[in-house]
Amino acid sequence: MTPPKAGAAVDAASLRKLPRSFYDRDTALVARELLGKYLVRVSSGEARRIARIVEVEAYLGPHDLASHSSKGLTRRTRVMFGPPGHAYVYLVYGMHFCMNVVTGPEGHGSAVLLRAVEPVLNVEGPTRGPGRLCKAMRIDGGLNAHDLTGDGLFIAESPATAPVPVVRRPRVGVDYAGRWARRLLRYYIRGNPFVSRP
DNA sequence: TGCACGATGAAC
DNA sequence: TTCATCGTGCAC
């Protein structure tokens, strides 16, 4: 009759969904503050999946040559230029999905890529790396443009109180972006074993 | 209409 | 280090 410890920590009533105002701020700040938050996925007919965000990357806008939005407003980047608090999900290398959260005011073209999570509840398989994260959390292109203040897929406050120690590094796989490749826009929780490339 | 190239992951 | 695999953006 003793409830599992993890279950108690993620009781439905304790999951406080992040408001849109959280996302409508400076992208690097949102990236930094997403660390430690809970990513929640509710697929119909399946148990609710919860994972703690441990690694992210900030993509600042059209001036950031590593950002998809540097191509301007296209069918693909439409979501990035849309209102904050929505999911930008795209396919890379023809086989892996990557999930971002749109940040800043509408029209800004910025987002934060989720690169790794730590399983908390009902999450199976590897979760380090943006593609594996999406696979484990059952996130695919059908969730592109999904409103993160709604249901199905959202981010919530975590019960943790202590601040997380943060490491800043250059972003992964953007060597083509010149000086933007060297910017320290990748953030992860120091010492966390689920980070993709410590 | 064609083509080069990935915000990756897994195998070798 | 190589390769799978396909949507996107841009050249033609």
request  = May I ask you to test the A:Val166-A:Ile189 pair for a side-chain heavy-atom distance under 4.5 Å?
outcome  = no
key: Watson-Crick or G-U stems involving DNA chain B, each at least 3 pairs long, distances under 3.5 Å, ordered by first number   = B:1-6 with C:6-11, B:8-11 with C:1-4
query = Linking I/L/V/M/F/W/Y whenever their side-chain heavy atoms sit closer than 4.5 Å, directly or via other members, would A:Tyr93 and A:Phe97 fall into one cluster?
reply = no
Under 3.5 Å, which donor-acceptor pairs do the side chains of residues 111-123 of chain A form with other protein atoms, sequence neighbours left out?
unit_1: A:Arg115; atom_1: NE; unit_2: A:Glu55; atom_2: OE2; d: 2.8
unit_1: A:Arg115; atom_1: NH2; unit_2: A:Ser196; atom_2: OG; d: 3.3
unit_1: A:Glu118; atom_1: OE1; unit_2: A:Arg52; atom_2: NH1; d: 3.1
unit_1: A:Glu118; atom_1: OE1; unit_2: A:Asn192; atom_2: ND2; d: 2.9
unit_1: A:Asn122; atom_1: ND2; unit_2: A:Arg48; atom_2: O; d: 2.8

request  = Would you give a per-nucleotide map of nucleotides 3-12 of chain B, 5' to 3', where B means the base has a protein non-hydrogen atom under 4.0 Å away, S means only the sugar-phosphate does, and - means neither?
outcome  = ---BBBSS--
query = Between CZ of A:Phe154 and CG of A:Leu18, what distance do you get to the nearest 0.5 Å?
reply = 9.5 Å
ask   = A:Arg183: what forms a salt bridge (Lys or Arg N to Asp or Glu O under 4.0 Å) with it, not counting sequence neighbours?
value = none
key: Contact summary for A:Ala28 and A:Tyr187, nearest pair of heavy atoms   = CB-OH, 3.5 Å
note = Excluding A:Leu73, membership of its hydrophobic cluster (Ile, Leu, Val, Met, Phe, Trp, Tyr; side-chain heavy atoms within less than 4.5 Å) reads A:Phe81
task = Considering only heavy atoms of chain A and a distance under 4.0 Å, specify the first and last nucleotide of DNA chain C in 5' to 3' order that meet this criterion.
result = C:dA4 to C:dC10
key: Reported CD-to-CZ distance for the pair A:Glu33 and A:Phe22, which is rounded to 0.5 angstrom   = 5.5 Å
Qualifying residue, where the test is side chain to side chain contact (heavy atoms under 4.5 Å, CB included) with A:Tyr59 and the options are A:Leu185, A:Val174, A:Thr27, A:Thr103 = A:Val174
ask   = Are side-chain N/O atoms of A:Arg132 and A:Thr127 paired as donor and acceptor at under 3.5 Å?
value = no
